[in-house]
Amino acid sequence: MKYPNLIVLISAIFLAHTLFAQQDTTRVEEEIIEEEIIEEDVMEEESYDNYDFSNLVAAEDVKAFCSSRILNQGPQKLVSIGYDYQFGYDATFNSFYNVPEEENTINSTHGLRVDLMYPVISKNNILVTLNLNYLEARYNIEDVNENSHPLYRTLDNTGLRSTNFSAVVFKPLNMKNFLLIQGGVSVNGDYTFSDFQSMQYNRYFGAVIYGWKPHDRKMWGLGVTRTYLGGALNYLPVFYYQYSSDDGKWGIDAVLPSRFNYKRNFAKGSILSAGFNFDGNTYRLNQMSDEFSEENVDLELRRSELRFRLIYDHAITRLLWFSVQAGLRYNWQFNVDDGDFFRSLFSDDPYVFENTIGNPLYAQISLSWVSP
């Protein structure tokens, strides 16, 4: 019987120890909680007592701005190098002074195209980019000699070149409105880089657009431009429109009257565009002006064209894109004028002499480094 009693005694001791341990633990926890409450009260009293809030002012609200791009707009090309080729067409250059009219065949027109874009300021409240463009047109004419029409000789000898430098400012005003401002200078003529033309023949262009961005897939605006799109100096209204569908499969890129493209996204790195591009400039004819210096003329070629085209852009890598386009080059004008002055797109004022050239098919390929 002594073993059961021993067991009872041990059990009683263990139970008593457990009860006292629980009471001690509870007491310790209560003391810790009381100490924490006291410390918090002291800290709170110290924090409010030691600081003066009378000089504090309410923080200003952070202003949000709309971005310069829409969703699924396509790659932003920073550097592009391309080659443009126009197939053969006939040309007739009219008579002027003692030079008779002459018909000839231009077997091809081709040349290099380079486009550079560099963002110098890129913030949420302003974006400033610098752009440099170089275009050349070299003419392969079937039959040219020293007795040929001087315009044929000029085109065959040096061709035409255009170097444009511009700055574009995108200034968001808030989440829904923005300003788009462009200004630039172009050097156009029959010059070569070893025999550059005078800076007095530089031509200046610009545009101002006020726009709206109702959501991330659409932005549009209205403005005015000082331009040489039609070949001569002109002032035209501008309609700016960028749109992408809900599913991102199609969109519109338009800056009228300059360009219009309907875009179809077949995949993330595969875009097909259909539309047109209206382009032009005035080109100083240095050789002809020197040849007819006694006539006291500053001869300039008013060259402009309308291209109906298909463009296919494809991503080779994430940053490298390949582009090919083809279509019809329609001649808007290819006439020679005297000096630089305002001339409406539909003006009937006479030129020094007018010309007629054909409307060939053309193709263009380019390689582009795009923004990541």
Side-chain angles (χ1 to χ4, degrees), residues 77 80-94 102-115 133-144 148-164 186-192 227-232 257-261 272-285 287-288 300-313 322-336 345 351 353-368:
K77 299 178 180 179
S80 293
I81 301 177
Y83 181 77
D84 186 82
Y85 185 90
Q86 299 177 27
F87 294 88
Y89 52 95
D90 294 329
T92 301
F93 295 163
N94 282 343
E102 183 178 342
E103 296 181 10
N104 211 325
T105 299
I106 300 177
N107 295 321
S108 65
T109 303
H110 59 96
L112 183 68
R113 297 196 170 208
V114 179
D115 298 288
N133 313 100
Y134 172 73
L135 312 173
E136 66 179 18
R138 297 176 178 272
Y139 293 81
N140 178 13
I141 303 175
E142 188 169 285
D143 184 17
V144 181
S148 296
H149 194 289
L151 184 54
Y152 280 122
R153 287 189 275 114
T154 294
L155 298 178
D156 187 70
N157 289 337
T158 60
L160 300 173
R161 289 173 177 80
S162 179
T163 305
N164 304 293
S186 61
V187 185
N188 317 299
D190 58 350
Y191 61 85
T192 62
T227 182
Y228 287 85
L229 284 179
S258 177
R259 71 172 186 265
F260 177 90
N261 287 315
L272 180 66
S273 304
F276 68 83
N277 182 61
F278 183 46
D279 193 17
N281 226 315
T282 181
Y283 294 79
R284 161 74 177 177
L285 298 175
Q287 296 180 33
M288 289 182 58
E300 298 194 10
L301 177 66
R302 313 295 197 208
R303 177 194 182 207
S304 61
E305 58 191 32
L306 187 61
R307 293 192 175 198
F308 301 95
R309 61 190 185 176
L310 287 173
I311 306 174
Y312 179 69
D313 293 294
F322 173 77
S323 178
V324 58
Q325 65 172 275
L328 175 71
R329 194 273 290 148
Y330 175 80
N331 177 59
W332 185 267
Q333 70 164 307
F334 202 83
N335 303 323
V336 174
L345 284 177
Y351 293 86
F353 66 94
E354 300 184 13
N355 307 302
T356 303
I357 65 174
N359 305 309
L361 298 175
Y362 83 95
Q364 184 182 129
I365 58 172
S366 63
L367 199 61
S368 302

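Sequential numbering from 1 along the given sequence is applied to the chain's residues. Here the structure is a predicted model, which is why all the values come from computation and not from measurement.
- Checked by atom type and distance alone, the side chain of His149 pairs as donor or acceptor with a backbone atom of Asn94 at under 3.5 Å.
- A donor and an acceptor atom, one from each side chain of Tyr89 and Thr109, are located under 3.5 Å apart.
- No side-chain heavy atom of Val144 sits less than 4.5 Å from a side-chain heavy atom of Leu155.
- Between Gly231 and Arg302 the shortest heavy-atom distance is O-CD, 3.5 Å.
- A donor-acceptor pair under 3.5 Å is absent between the side-chain atoms of Glu142 and the main chain of Asn107, judged by distance alone.
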(Q) For Glu102 and Ser148: C-alpha separation, side-chain torsions, deciding distance, then whether side chain to side chain contact (heavy atoms under 4.5 Å, CB included) applies. (A) CA-CA 8 Å; Glu102 183 178 342; Ser148 296; 3.9 Å; yes

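- Among all heavy-atom pairs drawn from Leu112 and Gly82, the shortest one is CD1-O, 3.3 Å.
- When all heavy atoms of Ile357 and Ala91 are compared, the pair lying nearest together is CG2-CB, 3.8 Å.
- Between atom NE2 of residue His110 and atom CD of residue Glu136 there is a gap of 8.5 Å, rounded to the nearest 0.5 Å.
- Annotation: the span from Phe278 atom CZ to Thr227 atom OG1 amounts to 8.5 Å, rounded to 0.5 Å.
- Expressed to the nearest 0.5 Å, how far CG of Asn359 lies from CD of Gln86 amounts to 10.0 Å.
- Between the side chain of Asp143 and the backbone N or O of Asn104 there is no donor-acceptor pair closer than 3.5 Å.
- Looking at Ser368, its side chain never comes within 3.5 Å of a backbone N or O of Ser80 through a donor-acceptor pair.
- If you run side chain to side chain donor-acceptor pair (under 3.5 Å) between Arg161 and each of Tyr134, Tyr191, Tyr283, only Tyr134 comes through.
- Centroid-to-centroid, the aromatic rings of Phe308 and Tyr330 stay 6.0 Å apart or farther.
- Remark: the backbone N or O of Arg153 is paired with a side-chain donor or acceptor of Asn157 at under 3.5 angstrom.
- Between Asp84 and Arg307, at least one side-chain nitrogen of the basic residue sits less than 4.0 Å from a carboxylate oxygen of the acidic one, meeting the salt-bridge criterion.
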**Q.** Test log, rule side chain to side chain contact (heavy atoms under 4.5 Å, CB included), inputs Tyr362 and Arg309
**A.** CA-CA 9 Å; Tyr362 83 95; Arg309 61 190 185 176; 3.1 Å; yes

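- A 6.0 Å sphere centred on OH of Tyr83 holds more than 12 heavy atoms belonging to other residues, nucleotides or ligands.
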(Q) Under the criterion side chain to side chain contact (heavy atoms under 4.5 Å, CB included), I'd like the reasoning laid out for Trp332 against Leu345: C-alpha separation, chi angles, the key distance, then a yes or no. (A) CA-CA 10 Å; Trp332 185 267; Leu345 284 177; 4.2 Å; yes

(Q) Would Asn277 and Gln325 count as a side chain to side chain contact (heavy atoms under 4.5 Å, CB included) here? Give the steps. (A) CA-CA 12 Å; Asn277 182 61; Gln325 65 172 275; over 6 Å; no

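- The OH atom of Tyr139 lies 11.0 Å from the OG atom of Ser108; values are rounded to the nearest 0.5 Å.
- A pairwise comparison of heavy atoms in Asn331 and Ser304 identifies OD1-O, 3.8 Å as the closest pair.
- Closest approach of Val336 and Tyr351 over heavy atoms only: O-CB, 3.3 Å.
- Here Thr154 contributes atom OG1 and Asp190 contributes atom CG; the two are 5.5 Å apart, rounded to the nearest 0.5 Å.
- Side chain of Asn164 to backbone of Val187: no donor-acceptor contact under 3.5 angstrom is found.
- Just one residue in the list Asn188, Asn133, Asp279 forms a side chain to side chain donor-acceptor pair (under 3.5 Å) with Ser162, and that residue is Asn188.
- Proximity of the aromatic rings of Phe87 and Tyr85 is defined here by a centroid distance below 6.0 angstrom, and this criterion is met.
- Taken to the nearest 0.5 Å, the CD atom of Gln287 stands 4.5 Å off from the OG1 atom of Thr158.
- Residues Asn261 and Phe276 share a closest heavy-atom pair of OD1-N, 4.3 Å.
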